[in-house]
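Everything below concerns the one structure shown next.
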Amino acid sequence: MKTIFISALTLVLSMTQLFAQSDKYTQAMTTTVDALNQQEGKQPDMAAYQELANRFERIATAEPKEWLPRYHAAYCYTMLGVMGDDATQKEQRLDKAEAMLKEVETLDGQPDDEVEVLKAFVAQGRLAIDPMSRWQTYGAVFGEHLAAAKAANADNPRIYVLEGTSLFYTPEQFGGGKKVAKPLFEKALEKFATFKSPGATYPQWGKGQAEWMAAQCNQ
Amino acid sequence: MKPLYFLLFLLTTTAQAQTLLSGKVTDRKGHALPGANVFLKGTYDGTSTDTLGRFSFETFEKDTATLAVSYMGYESFERKLLLDQKEVVLTAKLEELANELNTVVITAGAFEASDEKRMAMLKPLDIVTTAGAAADITGAMQLLPGAQRVGEQEGLFVRGGSGLETKVVIDGMIVQNPFFSSVPDVQQRGRFNPFMFKGTSFSTGGYSAQYGQALSSVLLLNTTDKTSGNGLGVSLNLASAGLNYDHATEKQSVSVVGYYGNLKPLFALVRQNIEWLHEPEFVGSSLTYRFKTSQTGLLKVYGMYSDSRMSMNSVVPGGEGIKNRLDLHNRNAFTTSTYTDSWAEGKWLLNSGFSYSRNSDNMAFDGLGMDRLDERTQARAVLTRLLSGNNSVLFGAEIHAINLQNGFGGTSYSLHDRYTAAFAETEIYLSRQMAGRVGVRTEYSSLLNRFNLAPRLSLAYKTGTYSQVSLAAGQFYQNPDYRYLYRNPDLNFERADHLILNYQVMKKGRTFRVETFYKNYAQLVREYTGQPFDTNPYRFPWGSTNNAGYGYAQGFDLFWRDQKTVKSLDYWVTYSYVDTRRLFQQYQVLATPTFASNHNVSLVAKRWFDQLKTSVGMTYAYTSGRPYYNPNHERFLTDKTPAVHNLSFTASKLTSIRGNFAVLYVAVDNLLNTRNVFTYRYTADGRTPNGYSRYAVGPQSYRSFFVGMQVFLSKKAVVKKEDL
């Protein structure tokens with residue numbers, strides 16, 4: 001009797017611990033993703049993104065089967081990869097983002113469109129480091145990933161945020177400029193209005209940027 | 001109930017046993033690392049370091065735990081902790097990972113143009129935007145340190161070496177005919193478009209054991225792995241019209257190019273110093289197919305064919321009005337396929353290739369048939385094993401079958417050679433500061449029926465954050481010029497020994513490099529005719545030959561490039577000095593060869609004007625006088641031509657034509673219309689039957705210009721300034 005009681009107790013205890021662990025995950029993810037979403041549309045803050053990347057990475061190491069913390073860490077590193085002016089550091093951060101995305105791809109549950117969009121963002125970051133020499137290589141990679149994202153889910157608004165940003169910085173003579181970029185940001189914002197995120201901890205980024213860029217297009 | 005109490009007790013102690021972890025994260029020298037990730041592995045407990053590198057956090061974990069610290073660019077740090085106290089304090093010292101700035105690279109003799117991540121002194125784009133290079137790969141390389149310009153011949157003349165001493169290598173395969181067929185006193189362009197390649201490495205000596213058959217230099221070209229899938233494009237210029245089509249899917253891509261060219265319109269506009277009977281006319285095509293066989297495997301197949309004809313009157317020294325007619329019909333085919341793959345997370349790498357080339361020149365010179373035919377079939381495989389800490393070791397082998405036929409005034413000569421080589425090389429990093437590369441290559445030629453063994457060595461030592469010194473040494477063998485082998489297959493390999501010392505500083509957009517070298521030539525072919533020196537470029541070497549020739553070349557070169565000081569301005573300056581003499585071919589005394597110039601200077605500048613969407617480039621090139629043969633002078637090759645000056649200009653503008661993206665370009669060569677003389681040719685006896693004992697060989701034209709455009713017809717194509 002005593003043994004049964006103890007075993008049951010141990011079981012309950014370990015169960016609660018298990019629940020506690022998953023509770024911990026949800027709680028940690030919710031607060032961290034919230035903090036990340038707070039950064040959206042703000043002046044880019046390297047220290048803040050590094051701190052967020054660290055938090056996501058810690059969750060990722062504790063939860064080897066979850067793709068989301070890895071995805072968000074990859075996003076933070078991509079953002080870090082387009083900030084600052086040290087080419088070597090930018091390259092290292094984008095390398096890190098790519099490594100994280102590789103891990104994401106081995107896990108269950110990750111949506112293809114989001115991963116492809118982020119890969120395109122990484123390519124855009126690489127291109128920006130040395131556009132003169134890298135256009136041929138990374139311009140193509142950028143296009144490929146966006147095409148793959150569209151094939152998976154053409155309603156993902158982030159596709160159009162990246163597409164618009166790329167056009168925004170392309171000279172008018174060559175099919176770029178504010179005029180052609182603007183409809184893409186508008187399209188992105190429309191898609192954001194109807195886009196149903198599967199959960200609060202899923203990717204949310206891009207809306208702030210689309211709003212800001214759309215405003216720039218009107219100037 | 002005791003056990004339950006015990007459990008409860010345990011639970012409460014767990015709740016209370018809270019440990020405070022604090023400390024500091026620094027680099028090896030004790031500098032704080034802010035923003036480092038500090039955590040207990042497998043838990044949610046952790047934090048980031050503050051601006052002073054400090055951290056502190058609490059944990060409910062008990063017994064032992066592993067503290068991990070990670071920071072971008074540094075090796076991650078791990079330590080097992082015993083959590084038996086209320087507070088644990090520690091300092092984590094992180095080791096920097098190997099990167100471009102803190103790790104030495106083996107550089108002596110190499111000049112790289114690559115778009116890969118590592119720093120390169122020259123990007124592939126620089127080749128097409130450099131004035132005076134005429135969008136030709138070798139044209140651009142001639143403006144780099146170590147190269148000597150020879151205006152009337154094609155090829156790369158490196159550090160006192162002849163044009164035949166440089167091999168052009170595409171994806172590891174030797175290119176038998178990298179230039180359009182040679183005609184007397186007219187420099188030919190390379191056959192390959194610079195945009196085909198993702199990386200170029202120009203070695204001015206001391207190169208890797210992976211390559212052979214070049215006494216002076218190798219020009220390594222690596223083809224791109226993918227296209228951008230730009231669709232249809234049209235190119236139109238004063239000399240040619242072409243179409244290109246690119247299509248890419250996820251795994252495969254194909255590029256097709258077709259062109260027709262005729263230099264008649266250009267030559268009607270630009271005054272020619274050559275009397276053309278049939279201006280060069282050419283038609284050609286190429287096809288590239290790439291297939292990703294797996295995540296890591298890549299198959300590339302490239303094939304090209306071109307057909308060209310021309311006819312000209314070649315000047316004969318000794319009299320105005322006497323001319324030799326030259327007719328040339330060239331057909332050239334080159335195919336190469338390579339397969340690359342890697343296994344075990346990139347620890348094993350395979351590079352393999354197969355190539356076939358065939359070149360035929362139907363040629364008549366002064367009515368004499370001079371037909372040439374050559375074929376080269378080659379296969380090559382290199383296996384590389386990457387070891388820990390950047391170390392690597394590679395093994396490889398190659399085999400070539402070469403057939404040559406040559407007609408000299410009715411007599412036809414032919415030869416067959418089977419050339420095999422095996423090589424092994426290892427790169428060893430003794431520390432971040434010091435690295436070495438040791439290699440050995442062995443070659444066998446069935447025609448010579450001889451073996452050789454060539455050791456190669458490179459060392460590099462990092463002297464500061466941005467500077468390093470390197471040293472390279474080695475032996476290099478090459479089969480003698482095939483024209484000697486037709487009559488005497490008993491000749492031995494020719495040999496060169498290189499010793500190179502290099503110092504370079506690369507700091508944020510500025511590069512300074514100085515290199516000094518000594519090159520020893522041995523076993524060079526000498527020909528004994530018992531007659532005066534014969535300068536006829538088409539003479540057949542009929543004298544007896546042996547390998548008694550020798551010589552040396554020594555000198556230094558300087559390179560300075562600045563992309564930083566003035567915004568959107570990029571300029572570089574090179575100076576190369578060489579002192580060289582040799583006793584070879586028909587020479588009877590040690591002399592500076594006709595292709596060697598002591599001083600070469602080039603100033604290259606380019607600037608992008610954002611408002612005009614235009615890139616403008618200027619180049620000034622100076623080549624000091626070269627020796628020429630004067631039969632009236634008792635001392636052999638002691639006369640020198642005047643120096644050669646060339647100021648050139650190029651501009652490219654991005655625009656759109658009826659909604660299609662287009663690039664317009666214009667180039668002017670020899671802006672100052674300088675009457676450059678490359679060499680003089682005399683009558684065989686130096687006498688002057690009617691007042692003309694010699695004539696001056698100069699460029700094909702003095703001041704000349706070229707305009708053209710490239711239009712992208714596909715709406716998919718987005719051209720940026722980066723495409724220029």
Side-chain angles (χ1 to χ4, degrees), chain A residues 2-3 5-6 9-10 13 21 24-25 27-28 46-59 61-64 77 80 86-89 91-93 95-96 126-127 129-141 143-144 147-148 166-167 169-176, chain B residues 1 3-4 7 11 34-48 51 68 70 72-73 97 99-101 114-115 117 119-120 123-126 129 195 198 224-230 248 250 508 608 610 613 654-656 659 661-662 715-724:
Chain A
K2 222 194 283 183
T3 356
F5 177 71
I6 291 167
L9 189 74
T10 338
L13 273 171
Q21 186 80 355
K24 238 180 181 175
Y25 172 71
Q27 200 201 339
M46 270 167 79
Y49 274 99
Q50 182 63 60
E51 144 77 0
L52 286 163
N54 287 349
R55 281 165 71 177
F56 283 121
E57 251 192 289
R58 289 200 292 270
I59 304 172
T61 22
E63 305 287 349
Y77 277 112
L80 285 164
D86 185 322
T88 315
Q89 280 186 8
E91 205 77 76
Q92 283 175 345
R93 293 169 185 147
D95 284 346
K96 180 91 184 188
R126 298 243 197 240
L127 174 64
I129 293 172
D130 185 0
M132 286 276 214
S133 306
R134 291 184 174 188
W135 168 249
Q136 270 198 316
T137 327
Y138 289 107
V141 177
E144 273 168 32
S166 171
L167 280 173
Y169 291 109
T170 305
E172 273 175 40
Q173 293 95 313
F174 314 108
Chain B
M1 287 306 264
L4 189 61
L7 262 169
L11 278 169
N37 201 1
V38 187
F39 58 100
L40 291 181
K41 267 187 121 178
T43 76
Y44 282 73
D45 304 332
T47 187
S48 297
T51 49
S70 66
M72 192 64 63
L97 282 170
N99 66 35
E100 279 178 351
L101 280 182
S114 104
D115 63 359
K117 283 178 204 165
M119 281 188 274
K123 305 268 168 162
L125 193 77
D126 289 321
T129 53
F195 284 117
K198 64 176 176 190
T224 48
D225 295 337
K226 63 193 328 175
T227 60
S228 36
N230 269 344
E250 199 184 332
K508 295 187 175 165
W608 168 254
D610 205 41
K613 301 280 173 268
L654 298 178
T655 183
S656 65
F661 310 120
K715 296 288 173 212
K716 262 160 87 186
V718 177
V719 183
K720 297 200 168 182
K721 77 174 188 195
E722 294 75 33
D723 251 2
L724 267 184

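Just so we're on the same page: letters track the sequence lines, and every chain starts at 1.
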*Could you tell me which residues satisfy side-chain hydrogen bond (donor to acceptor under 3.5 Å, both in side chains) with B/Asn37, sequence neighbours excluded, listed by chain and number?*
A/Arg58

*Applying ring pair (Phe, Tyr, Trp, His ring centres under 6.0 Å), name anything that partners B/Phe39, two or more places apart in sequence or on another chain.*
none

*Check: A/Asn54 side chain, B/Gly35 main-chain N or O, donor-acceptor pair, under 3.5 Å*: yes

*If you measure from CZ on A/Arg93 to CE on B/Met72, what distance do you get to the nearest 0.5 Å?*
7.0 Å

*Separation between OG of B/Ser48 and CD of A/Gln50, rounded to the nearest 0.5 Å*: 7.0 Å

*With only heavy atoms counted, which part of B/Ala68 is less than 4.5 Å from chain A, the side chain, the backbone, both or neither?*
neither

